[in-house]
Each structure stands twice: as structure tokens, then as C-alpha cells.
Amino acid sequence: MKSMAKILNGVEIAAAIKAEVAEEVRSLAAGGITPGLAVVLVGHVHASEIYVRSKVKTSGELGIRSEMLTPPESVTTEELLALIADLNARDEVDGILIQLPLPKHVDTRRLLEAVSPEKDVDGFHPINAGRLLGGRPALTPCTPAGIMEILRRSGLPVMGQHAVVLGRSDIVGKPMAMMLLNASATVTVCHSKTVDIGHYTREADILVAAIGKPGFVTAEMVKPGATLIDVGINRVTDAAEVARFFPGDAERAAQFAKRGSTLVGDIHPEAFALAGAYTPVPGGVGALTIAMLMHNTVKAARTRRGVREAAAVGEA
Ligand code: NAP
């Protein structure tokens, strides 16, 4: 099927946001302020190391000072609490990010709650979650905040639209639903206990899929012309599965042959053909997350140091 759907290019939107952040960093520098980000990376989780490296690298490119703290796998909750307390107290640190997941023996919730809400650039602290709930200015989770930017910058309407969110995690689904509600969408949240998910997804003007199940949303589950936002990042390593998701796609087949894997979202690629607009995987939502982290770091610096806002990035 030939698709008329508009591809929402996350890489381009992320680049625009990063350029704006860099501009803001320059204007803060003129006032003698260099925003600072501290990233805490415990142990050696390969994927976490890659994410952190990329966060540190992007910070450098935008003029944000970053530092990495790398306690060993054996670190205790108490030791990490002391480390966070030190980062909370240091004036040159504007943002604190604890890379998840933490080792099993560490009390993740206690640590996330120990981060000063003013420096909580991931937006995971209950104070920030509460502010988002109340529609008040807050540091908000990067992935759903990035999705709001995709919608806004692509001129896609939210007000009065029926938005259906698949997934209710604290990191993506719940804050996503709240941001869409604050932007006056009518919001439905589905999860693993929802009976007949297709009943809801077929009614969605905006469908956000964040469940971590490759190709879960099929063509018969979407309303033609809908905006499809695919948050899922699923690595597929089985050749038959790749052929099932991307029949006749020579580019994917070549990529799979070369790397032995490819990424597929939570929305089946066949559903994209029916969409009015959609975010591809890769190159969609994933590209926004780090850009929004950089945005949050500068926002935290500005707020905490009492500098007025100049950014074009919309608030939730
Ligand atoms: P999570 O914490 O594992 O939450 C998954 C959610 O999906 C849960 O609420 C779960 O429901 C629901 N769910 C699972 N299976 C389902 C099913 N068969 N039908 C309906 N709902 C189902 O995951 P997450 O952290 O939110 O991440 C979701 C996906 O987004 C993953 O693929 C992840 O890799 C990706 N992600 C991408 C980015 C990015 O930058 N693009 C950022 C974060 C996450 P229950 O609550 O009932 O268990």
C-alpha cells in the first residue's frame, strides 16, 4: 500500500531543540552562568553506559558542563544517598540524573526522592509529578515532554482530540496522559489489564504506544488518518520476524544482514500506512529524549538561579 502519511522526523525536531538550548547556554554564559549536569552511573550495564556516554557527549556539544559519577556495583543505598546529598549541595550542579536501572540491592525509590526537586532533570521526583498533575510549572519526564514537542512543532492539534495512551509507567505512560490532559485532549489510558484494547485504539485521534511489545498495534487497530506516536524500542533478532514486520523492505533486510538485529516499535509498520502522521522507529520519539534532558538542565539552571525564561520549548 502506498502511504500518504506524514513522517514526523524526531531527529530534525531534536536538532532544532538542541540548537535552541545551545543558544540559551550562550546567553546564560554572557551572565557568567554555565549550566552543569551530574550523571550517576552505577556499575557496568552496557545499555546504560551507551546512554550516559551519549548524554555527556550532547552536553559538551551544547556547552553544558557535565560530570559522570561512577560508583561500583557494590555501592550501598546509604553511600548513594550521601553522594546525592553532596550533588544537591553543590551550587555548580544544576541537574542530577541517576541512570536506571540500579542494582537490585539499591532502594531506587528512596534515591529518586532524595534528588532535590529543583535539580530533578528526569522529572521523576514526586514533587515534580505532583506539579505536573496540578498543571503547574515543573521539570517533567523527557520522553513524554519530547512527544508534546513533536506534536506542537508539527502543528498537530491536541485540544479536543481523543488521545489514547498505551502503557501506564511512571516514566512514559502516566506523565504522557497528564500532559495530553493538561493540553485539553480527551485522554484514555490502556494497560495490561485493559479488556479489548482495539476498541479504544480505533477511536484514537492521537495514539501513543509505550508498552514494549514489538508491533503490538496492528493496522486494524487504528483509525485512518490518526496521529501515531510510537515510543517502543524493541530489538528484533529473528530473521522471520524481520520479514514479517518489514515485507519487501530491502533497506531493513540489508541492515539486519549487516548487524544481526533491527529495531521495531510497538506499532506494526503496516499501521503507519493508514496514519495521518507517525513517528518512525528509529528516528522518531527516541531522538527527542536527550534533547529534552538538555532542555530540562538549562531550565533547572535558569529557575534555580533566578534567570528569566527565553526558550521556545513549550511548557507542559
Ligand atoms: P514499562 O515500565 O515496562 O511499562 C510498560 C507498560 O505497558 C505497563 O503499564 C504495562 O501495563 C503496559 N503493557 C505491557 N504489556 C501490555 C499489553 N500486552 N497490553 C497493554 N499494555 C501492556 O515500560 P516503559 O518504561 O514505559 O517503556 C515502554 C516502551 O517504551 C519500551 O519499549 C521502552 O523501551 C520504550 N521507551 C522508549 C523511550 C524513548 O526514548 N523512545 C524512553 C522510555 C521507554 P501494566 O501497568 O498493567 O503492567
Side-chain angles (χ1 to χ4, degrees), residues 1 3 5 7-12 14 39 41-58 73 99-104 108 141-144 146-147 150 165-173 176 190-192 194 197-198 201 207-222 228-275 278-291 293:
M1 192 190 321
S3 166
I7 298 175
L8 303 170
N9 188 328
V11 178
E12 274 175 17
V39 183
L41 172 66
V42 177
H44 294 284
V45 178
H46 182 64
S48 295
E49 285 176 333
I50 292 173
Y51 291 142
V52 165
R53 214 176 298 144
S54 154
K55 288 167 185 174
V56 167
K57 180 167 167 269
T58 308
E73 171 86 23
Q99 186 65 43
L100 302 179
L102 292 170
K104 286 239 167 357
T108 301
C142 298
T143 301
I147 292 169
I150 293 178
V165 179
L166 305 187
R168 56 169 164 181
S169 71
D170 291 343
I171 295 170
V172 187
M176 181 80 264
C190 300
H191 47 77
S192 71
T194 300
I197 288 191
T201 58
L207 178 62
V208 181
I211 60 177
K213 299 267 177 278
F216 179 90
V217 177
T218 54
E220 55 279 7
M221 288 169 75
V222 307
L228 303 180
I229 305 289
D230 197 347
V231 188
I233 301 177
N234 309 293
R235 192 167 293 281
V236 176
T237 53
D238 178 57
E241 240 192 317
V242 175
R244 187 164 65 81
F245 284 125
F246 306 102
D249 186 335
E251 211 178 305
R252 284 281 182 167
Q255 186 198 53
F256 179 74
K258 193 167 151 217
R259 298 192 197 150
S261 72
T262 190
L263 294 181
V264 63
D266 291 345
I267 300 179
H268 197 295
E270 72 181 15
F272 290 146
L274 297 173
Y278 71 94
T279 60
V281 176
V285 174
L288 267 295
T289 302
I290 291 185
L293 173 68

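We're numbering straight along the sequence, starting at 1.
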*Rounded distance [0.5 Å steps], OG in Ser48 versus CZ in Arg53*: 11.0 Å
*asked:* Nearest 0.5 Å, please: how far is OH in Tyr278 from CG in Leu8?
replied: 9.0 Å
_With no hydrogens and no angle check, just 3.5 Å: does a side-chain donor-acceptor pair link Glu73 and His44?_
no
*asked:* Side chains of Val236 and Phe256, heavy atoms from C-beta outward: is any pair under 4.5 Å?
replied: no
_Would you compute the distance between atom CG of Leu288 and atom OG1 of Thr279 and round it to the nearest 0.5 angstrom?_
9.5 Å
*Taking Thr194 for the side chain and His191 for the main chain, is one N or O donor matched with an acceptor at less than 3.5 Å?*
yes
*Per the side-chain hydrogen bond (donor to acceptor under 3.5 Å, both in side chains) rule, which among Glu241, Gln255, Glu251 passes with Thr262?*
Gln255
*State, with a plain yes or no, whether a side-chain heavy atom of Ile211 is found less than 4.5 Å away from one of Phe216.*
yes
*For Ala210 against Val231, the heavy-atom pair lying closest together*: CB-CB, 3.8 Å
*Which atom pair, heavy atoms only, marks the closest approach of Phe245 to Gly215?*
CE2-CA, 3.6 Å
_Side-chain touch Asn234/Lys213, heavy atoms, less than 4.5 angstrom_ = no
*Search all heavy atoms of Ala5 against all heavy atoms of Ala275 and return the closest pair with its distance.*
CB-O, 3.1 Å
*Could you please spell out the steps behind the side chain to side chain contact (heavy atoms under 4.5 Å, CB included) verdict for Leu228 and Val222?*
CA-CA 9 Å; Leu228 303 180; Val222 307; 4.0 Å; yes
*State whether the side chain of Asp230 and the backbone N or O of Asp266 hold a donor-acceptor pair below 3.5 Å, judged by distance alone.*
yes
*Would you find a donor on one side and an acceptor on the other, under 3.5 Å apart, between the side chain of Arg252 and the backbone of Leu263?*
yes
*Enter the distance from Phe246:CZ to Glu270:CD here, rounded to the nearest 0.5 Å.*
11.5 Å
*Which pair of non-hydrogen atoms, one from Gln99 and one from Leu102, has the smallest distance, and what is that distance?*
O-CD2, 3.8 Å
*Could you grab the distance from atom CE of Met176 to atom CD1 of Ile147, nearest 0.5 Å is fine?*
5.0 Å
*Calculate, to the nearest 0.5 Å, the distance between atoms CG and CD1 belonging to Leu207 and Ile267 respectively.*
5.0 Å
*Under 3.5 Å, is there a donor-acceptor pair linking the side chains of Thr289 and Thr143?*
yes
*Can you check whether Pro141 reaches Ile171 side chain to side chain, under 4.5 Å on heavy atoms?*
no
*Counting N and O atoms only, with roles assigned by atom type, does the side chain of Ser54 sit under 3.5 Å from a partner on the main chain of Ile50, one being a donor and the other an acceptor?*
no
